[in-house]
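Structure record follows, encoded as structure tokens.
Every chain is numbered from 1 and lettered A, B, ... according to where its sequence line falls, protein lines coming before strand lines.
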Number of protein chains: 2
Amino acid sequence: MREEKEIFGKYLSRHNFRDTPQRELILDVFLKSKEHISAEELYDIVKKLDPSIGQATVYRMLKLLAEAGLAREVDFGDCVKRYEYNYNQPHHDHLICRGCGKTVEVVDDVIEEMQKRVAEKFGFELTDHAMYLYGLCENCRKKRTNKFVLTTYFVF
Amino acid sequence: MREEKEIFGKYLSRHNFRDTPQRELILDVFLKSKEHISAEELYDIVKKLDPSIGQATVYRMLKLLAEAGLAREVDFGDCVKRYEYNYNQPHHDHLICRGCGKTVEVVDDVIEEMQKRVAEKFGFELTDHAMYLYGLCENCRKKRTNKFVLTTYFVF
DNA sequence: ATAATATTGAGAATGATTATCATTTTCTAT
DNA sequence: ATAGAAAATGATAATCATTCTCAATATTAT
């Protein structure tokens with residue numbers, strides 16, 4: 001936590017950006033937040049602690065955090081940008097349940113390696129990737145079996 | 001082309017949806033379109049052929065096509081829904097150049113298999129996935145090398 | 001043909017995000 | 001410490017893709 005603040009502080013001074021109480025508060029809240037927080041969700045928490053903070057500042061701050069390498073943008077396909085803590089965290093992708101929305105962080109070295117090779121096969125140098133695996137978790141599979149044995153579309 | 005229209009026709013009658021000239025025109029244009037077309041792009045073509053067609057109809061039609069299995073939704077991360085032709089097309093993912101936006105359709109059996117296994121490892125039954133590999137194509141790499149030898153961020 | 005119902009087009013509404021801009025705050029050089 | 005330059009803020013308007021609403025129209029089964 002202290003370390004992250006230092007990193008952010010260095011990022012600010014390196015870019016001639018300024019250290020403000022708003023940024024400090026938002027950083028605090030972000031570091032304590034649960035994974036995959038959206039700007040709106042973060043703003044809801046922040047404004048309880050300081051109602052004078054505007055939501056534009058929260059949006060701006062999340063962008064800064066991503067640029068500083070402390071946050072990573074994730075997109076579960078609903079067109080809402082979510083941010084997860086990214087400092088000293090190993091890279092991972094996401095497994096998401098189509099039934100209940102539960103997410104699991106996953107990583108597989110073979111996949112990572114093959115991605116690099118596929119890119120190279122087409123003359124690309126891989127910079128990054130987005131991989132989201134969608135499925136049904138155990139619970140939701142049980143629900144489906146009981147209620148809709150013949151259903152082919154998963155609509156709960 | 002005839003086959004796709006039949007499939008769509010069956011889809012309509014199966015759901016008690018109606019066959020309208022608007023739907024026929026939009027289907028025609030979609031089938032002739034190049035890959036990864038957005039609703040807006042499709043609408044631009046359609047309205048040249050029949051200016052009386054509203055854009056809501058195009059949006060509605062793309063949703064129908066996806067439900068009928070003729071189109072597949074793809075999302076390159078810019079929050080614009082794009083649709084690609086999906087009938088009798090083998091599944092594939094996308095490799096996208098961060099420099100110029102060029103896309104390549106790719107598929108790798110090892111990755112596909114490992115995705116299934118990863119999901120199973122966590123008790124999930126994989127239903128589908130989204131995988132986008134981002135990188136720099138050969139051309140854009142050359143540009144970068146020439147102009148910004150020491151740059152670590154790829155901003156063209 | 002008719003009735004029932006689906007579809008349409010225009011425009012309003014939405015929802016997340018960004019831009020604008022006057023005001024306030026921070027930093028740096030004195 | 002303080003002034004002056006530059007950056008940040010908050011309120012609000014704007015944006016953009018998409019969806020909704022609804023009255024008018026078109027399609028289909030009878």
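- Scanning for side chain to side chain donor-acceptor pair (under 3.5 Å) contacts around A:Tyr43 gives an empty result, with sequence neighbours left out.
- The distance from atom NZ of B:Lys47 to atom P of C:dG9 is 13 Å, rounded to the nearest whole Å.
- For the residue pair A:His15 and A:Glu67, no side-chain donor N or O sits within less than 3.5 Å of a side-chain acceptor on the partner.
- C:dA16 atom P lies 15 Å from atom CD of A:Glu73, rounded to whole Å.
- What separates CG of B:Leu12 from P of C:dT5 is a distance of 19 Å, to the nearest Å.
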Return a table of donor-acceptor pairs under 3.5 angstrom between the side chains of residues 53-63 of chain A and protein atoms on other chains or two or more places apart.
residue: A:Gln55; atom: NE2; partner: A:Glu40; partner atom: OE2; Å: 3.1
residue: A:Tyr59; atom: OH; partner: A:Glu40; partner atom: OE1; Å: 2.9

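- Evaluation of the side chain to side chain donor-acceptor pair (under 3.5 Å) rule for A:Gln115 yields A:His129 as partners, not counting sequence neighbours.
- B:Asp28 pairs by the side chain to side chain donor-acceptor pair (under 3.5 Å) definition with B:Lys5, not counting sequence neighbours.
- In this structure, the NE2 atom of A:His15 is 18 Å from the C1' atom of C:dT26, given to the nearest Å.
- Nearest heavy atoms, A:His92 versus A:Val107: CA-CB, 4.3 Å.
- Rounding to whole angstrom units, CE of residue A:Met61 and C1' of D:dA7 are separated by 15 Å.
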| request: Treat primed atoms plus P, OP1 and OP2 as sugar-phosphate and everything else as base, then score nucleotides 12-19 of chain D 5' to 3': B for base contact with protein heavy atoms under 4.0 Å, S for sugar-phosphate contact only, - for none. | output: -----SBB
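- For B:Tyr87, there are no ring-ring contact (aromatic ring centres under 6.0 Å, His included) partners two or more places apart in sequence or in a different chain.
- The salt bridge (charged side-chain N to carboxylate O under 4.0 Å, His left out) pairs that include a residue from residues 102-111 of chain A number zero, where partners must be two or more places apart or lie in different chains.
- One atom, CD1 of A:Ile37, and another, P of C:dT17, lie 13 Å apart when rounded to the nearest Å.
- When the C1' atoms of four end pairs are superposed on the next four at each end of the helix from C:dA1-D:dT30 to C:dT30-D:dA1, using five pairs per end, the two resulting axes differ in direction by 30°, to 10°.
- When rounded to the nearest whole Å, the span between CZ of A:Arg23 and P of C:dT25 equals 15 Å.
- In this structure, the CD1 atom of B:Ile53 is 14 Å from the C1' atom of C:dA10, given to the nearest Å.
- With sequence neighbours excluded, no residue forms a side chain to side chain donor-acceptor pair (under 3.5 Å) with B:Tyr134.
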| In the 5'-to-3' direction, what one-character label does each nucleotide of nucleotides 23-30 of chain D receive under the scheme B = base within less than 4.0 Å of a protein heavy atom, S = sugar-phosphate only, - = no such atom? | ---BBS--
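- B:Arg60 comes within contact range of at least one nucleobase, with a heavy-atom separation under 4.0 Å.
- Applying the side chain to side chain contact (heavy atoms under 4.5 Å, CB included) criterion to B:Thr103, with sequence neighbours excluded, gives B:Glu35, B:His36, B:Phe76, B:Ile96.
- Legend: salt bridge (charged side-chain N to carboxylate O under 4.0 Å, His left out) pairs involving residues 41-53 of chain B, not counting sequence neighbours, sorted by first then second residue: B:Glu41-B:Arg82, B:Asp44-B:Lys47.
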